[in-house]
Protein chains: 2
Amino acid sequence: MDPTPPRNSSVTVADVARMAGVSKATAARVLGGYGTVSDRVRDAVTLAARNLNYRPNELARSMTTGRSGTIGVVVGDIENPFFSLAVRGITDIARQAGFTVILTNSGENTETEKAAIRTLLAKRVDGLIVSPAKESDVDHLKDAIRSGCPMVLLDRGSRALGVDTVVADDGQAAEGITRRLIAGGHRRIAYLTACDTPDHCFRTSSDISTGSVRRRIEGFLRACREAGLAGMEAWVRLGALAPEETQRIATAMLTAKHAPTAIIASDSVIGLDVFKVCRTLGLDIPRDLSLVSFHDADWTAVTTPPVTVVRQPVYQLGETAARLLVERLNGDGGPASRVVLQTELVERASVADLSTEEMPRASE
Amino acid sequence: MDPTPPRNSSVTVADVARMAGVSKATAARVLGGYGTVSDRVRDAVTLAARNLNYRPNELARSMTTGRSGTIGVVVGDIENPFFSLAVRGITDIARQAGFTVILTNSGENTETEKAAIRTLLAKRVDGLIVSPAKESDVDHLKDAIRSGCPMVLLDRGSRALGVDTVVADDGQAAEGITRRLIAGGHRRIAYLTACDTPDHCFRTSSDISTGSVRRRIEGFLRACREAGLAGMEAWVRLGALAPEETQRIATAMLTAKHAPTAIIASDSVIGLDVFKVCRTLGLDIPRDLSLVSFHDADWTAVTTPPVTVVRQPVYQLGETAARLLVERLNGDGGPASRVVLQTELVERASVADLSTEEMPRASE
DNA sequence: TTTATTATTGAGACCGGTCTCTTTACGCAT
DNA sequence: ATGCGTAAAGAGACCGGTCTCAATAATAAA
């Protein structure tokens with residue numbers, strides 16, 4: 001209609017009110033959709049708003065209402081398909097519920113995480129979804145909670161915080177897959193993770209500050225002990241933080257005299273690098289090495305052989321976290337809940353059964 | 001120190017000022033880090049702020065300064081590794097420059113995109129980075145620009161908008177890979193994309209509203225024409241929006257009488273599904289089908305055979321977009337620039353050379 | 001017709017910062 | 001001692017909405 005609608009660099013309710021010939025309060029009522037207004041006035045204001053190309057200032061609104069309509073998300077690394085899928089779940093639910101998402105990467109670094117939380121709090125997010133880098137260092141999270149900001153923990157719980165938590169049954173999953181490997185005759189089973197300790201050596205599971213990984217390692221060790229395998233702590237390898245390091249560690253393990261017959265990769269990024277190393281070293285999976293990875297990443301189904309994985313309901317993890325948070329924001333004052341989503345072992349062809357394989361050979 | 005620091009549900013500068021025994025203006029000067037204050041007062045205010053556990057309200061600050069310190073990002077789908085990597089690039093740069101990122105998924109849907117832009121504008125983002133779902137429908141973007149919100153287009157340009165744009169040299173890349181296939185003796189080359197038209201049929205490249213894809217198809221057709229191949233438009237297949245559809249389309253193509261000898265997948269998600277279909281159909285790559293995919297996704301290097309891809313500098317795409325935007329926000333008033341990042345053809349083993357393969361057969 | 005009740009509208013405070021303008025005070029030169 | 005320049009601090013408006021409360025108009029009840 002109007003060929004050059006105004007620039008509206010900042011058309012305010014007052015401007016609209018003036019043009020419509022009503023008070024600021026009345027215009028605000030129409031524009032904000034609250035209170036009671038006559039149809040005649042409503043039309044006049046709506047028309048004026050359209051003509052002026054009025055755009056509400058959500059900032060000003062948040063100012064008085066105290067709700068910003070945003071939720072802050074802190075993940076380790078959005079580039080990791082695990083997180084990008086979870087974030088997709090979060091944003092989908094958030095959008096449905098009328099919230100927008102401010103995304104932050106901690107890079108699995110507590111300092112960055114602290115800064116992120118501070119920024120998000122300053123921006124007055126209505127709630128937080130956090131995947132804490134370290135469970136042991138959560139004072140900043142405690143602060144946020146105490147200051148009244150609802151929080152949901154994603155993938156990594158910290159019971160000390162007493163907030164809603166959504167995790168997968170990592171411990172059981174690891175226990176199950178370990179048991180399966182042991183039943184298949186494996187004894188030298190390595191667990192490879194990005195988590196690290198100051199001296200890069202694993203001693204006890206309490207050294208591991210990333211909740212999900214700690215639970216997995218505990219499950220791994222539990223299954224080992226159950227089978228009478230001792231000293232399996234030595235097979236837990238840390239520090240697979242980047243592709244180069246992962247490949248260095250995997251290469252070292254696999255070329256050593258006492259090489260593992262099976263490796264459990266703590267996430268799909270690590271699993272991929274282990275796979276690459278095998279290819280580089282000319283090792284055949286599963287003949288020379290059995291491989292199991294956490295996270296059913298897309299690539300795991302198309303390799304030769306396809307790799308056996310622990311399928312986590314990642315999207316649902318994000319969805320559930322967001323849903324829990326939205327409930328809180330809508331006034332749910334119930335006690336903190338801990339949702340544990342079931343994982344599923346997807347058996348493909350990267351695991352060898354040493355026991356039955358040996359048998360026919362022995363009898364032939 | 002203090003065992004129970006206050007709840008600070010809303011400690012304001014006024015509160016801090018009162019406790020420090022100074023005026024609100026003075027406290028604000030200290031807390032906001034502007035103006036001039038005596039050391040004695042500064043210390044008093046700082047101490048009071050700490051005791052009260054004061055947290056600045058960024059919303060209120062934005063209100064007066066007119067800058068929110070956030071940039072809005074609209075991508076098609078964060079779950080797609082292409083976008084998650086680009087977003088990583090964006091957030092890294094944004095954080096360095098002191099901005100936070102509000103992330104939105106359009107789901108490649110223009111209506112959702114419009115709503116997202118509206119919301120982001122209402123939240124008064126300082127700038128926008130958008131990957132428009134359709135180049136043909138950009139009035140909402142034009143509006144945003146006219147209202148004074150700096151914008152950078154990511155991966156998909158629209159010259160009509162006259163704003164900074166960062167894209168890969170999609171046209172050349174497609175042209176190059178097509179030429180290579182043709183030189184290898186391929187004549188029946190299919191191009192498979194998620195983009196769609198109302199009747200699911202491709203006629204002319206102007207039907208394609210996603211900029212990057214349109215440029216690729218144009219490159220593809222250019223190379224075909226150059227080689228004297230006519231009617232290759234028929235080999236452009238649309239509508240690979242979801243795994244099921246991609247697999248349906250690929251299966252139909254590959255089981256038809258006139259099956260393609262090569263398929264170019266418009267992104268790695270589609271490439272993966274084509275790969276799966278080949279496996280299902282028992283087709284050998286590259287003997288029965290040559291496959292090339294856009295985007296050097298992690299899985300492409302570990303399949304058997306590894307697949308030839310067009311490597312786009314995705315992270316840098318995001319980085320560059322963010323950098324450009326930050327420059328604008330810092331007052332750069334120069335003309336809109338169009339940055340074209342070079343792609344790289346990563347030749348692996350999924351492409352067969354029909355010409356040399358046929359020759360020995362013919363002479364045997 | 002008068003009063004009670006309700007629907008509309010207006011005036012203005014408020015949210016929590018920033019920022020301009022003014023006042024006060026101090027140090028130094030004349 | 002007087003005057004001036006400048007540093008430090010206070011007062012209060014303002015940003016753009018929301019929201020309470022009072023005022024007015026319209027409708028219903030008596």
Side-chain angles (χ1 to χ4, degrees), chain A residues 8-46 48-49 52-70 118-119 121-126 147-148, chain B residues 8-46 48-49 52-70 118-119 121-126 147-148:
Chain A
N8 111 311
S9 33
S10 68
V11 177
T12 73
V13 278
D15 298 324
V16 176
R18 201 172 310 122
M19 167 162 261
V22 298
S23 75
K24 182 184 154 197
T26 303
R29 272 189 272 261
V30 176
L31 267 13
Y34 58 90
T36 143
V37 209
S38 69
D39 291 351
R40 204 175 44 74
V41 170
R42 183 188 319 281
D43 293 346
V45 172
T46 308
L52 290 170
N53 191 24
Y54 167 78
R55 303 227 193 216
N57 184 332
E58 192 67 36
L59 253 43
R61 181 173 295 169
S62 305
M63 189 91 229
T64 49
T65 60
R67 308 192 85 200
S68 64
T70 57
R118 206 178 317 122
T119 307
L121 248 30
K123 295 217 184 288
R124 293 297 192 266
V125 293
D126 292 333
S147 77
Chain B
N8 112 312
S9 34
S10 66
V11 177
T12 71
V13 278
D15 298 325
V16 175
R18 201 172 311 122
M19 166 163 260
V22 299
S23 75
K24 181 184 153 196
T26 303
R29 271 189 273 261
V30 176
L31 267 13
Y34 57 90
T36 144
V37 210
S38 70
D39 290 351
R40 204 174 43 74
V41 169
R42 184 189 318 282
D43 292 348
V45 171
T46 308
L52 289 171
N53 190 24
Y54 167 78
R55 303 227 194 216
N57 184 331
E58 192 67 36
L59 253 43
R61 180 173 297 170
S62 305
M63 190 91 229
T64 48
T65 59
R67 308 192 86 201
S68 64
T70 56
R118 206 178 317 123
T119 307
L121 249 27
K123 294 219 185 287
R124 293 297 192 263
V125 292
D126 292 333
S147 77

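We name chains A, B, ... by the order of the sequence lines, and we start the count at 1 in each one.
Atoms CG and OG, from A/Asp15 and A/Ser10 in turn, are 7.0 Å apart once rounded to the nearest 0.5 Å. Atom-to-atom distance recorded for B/Thr70:OG1 and A/Lys123:NZ is 6.0 Å, nearest 0.5 angstrom.
Applying the salt bridge (Lys or Arg N to Asp or Glu O under 4.0 Å) criterion to A/Arg67, with sequence neighbours excluded, gives no partner residue. Annotation: side chain to side chain contact (heavy atoms under 4.5 Å, CB included) contacts of A/Ser62 (sequence neighbours excluded): A/Glu58, A/Ser68, B/Leu59. Partners of A/Ala14 according to the side chain to side chain contact (heavy atoms under 4.5 Å, CB included) rule, which considers only residues two or more places apart in sequence or in another chain, are A/Thr12, A/Arg18.
Across all their heavy atoms, B/Asp126 and B/Gly69 have their closest contact at OD2-N, 2.7 Å. Contact between B/Val11 and B/Tyr54 at its shortest, heavy atoms only, is O-CD1, 3.3 Å. Between A/Arg55 and B/Arg124, the shortest heavy-atom distance links the atoms O-NH2, 3.5 Å.
When the C1' atoms of four end pairs are superposed on the next four at each end of the helix from C/dT1-D/dA30 to C/dT30-D/dA1, using five pairs per end, the two resulting axes differ in direction by 50°, to 10°.
When each of B/Thr64 and B/Gly21 is assigned the nucleotide of DNA chain D bearing its nearest heavy atom, the one mapping closer to the 5' terminus is B/Gly21. Both A/Val41 and B/Met63 lie near DNA chain C, and the one whose nearest nucleotide falls closer to the 5' end is A/Val41.
Within the structure, every side-chain polar atom (N or O) of A/Ser38 is placed at least 4.0 Å from both OP1 and OP2 of C/dT8.
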Mind listing the side-chain donor-acceptor pairs of residues 24-41 of chain B below 3.5 Å, one per line with the distance, residues two or more places apart or on another chain?
from    : atom 1 : to      : atom 2 : distance (Å)
B/Thr26 : OG1    : B/Ser23 : OG     : 3.1
B/Ser38 : OG     : B/Val41 : N      : 3.3

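Residue A/Arg42 contributes atom CZ, which lies 14 Å from atom P of C/dA7 at whole-angstrom precision.
For the segment residues 22-31 of chain B, residues with any heavy atom less than 4.0 angstrom from an atom of DNA chain D are, sorted by number, B/Val22, B/Ser23, B/Lys24, B/Ala25, B/Thr26, B/Arg29.
Counting heavy atoms from C-beta on, the side chains of B/Arg42 and B/Thr46 come closer than 4.5 Å.
Chain B approaches DNA chain D within less than 4.0 angstrom (heavy atoms of the protein), and the contacting nucleotides run 5' to 3' from D/dA8 to D/dG16.
Here A/Thr36 lies in heavy-atom contact (under 4.0 Å) with a base.
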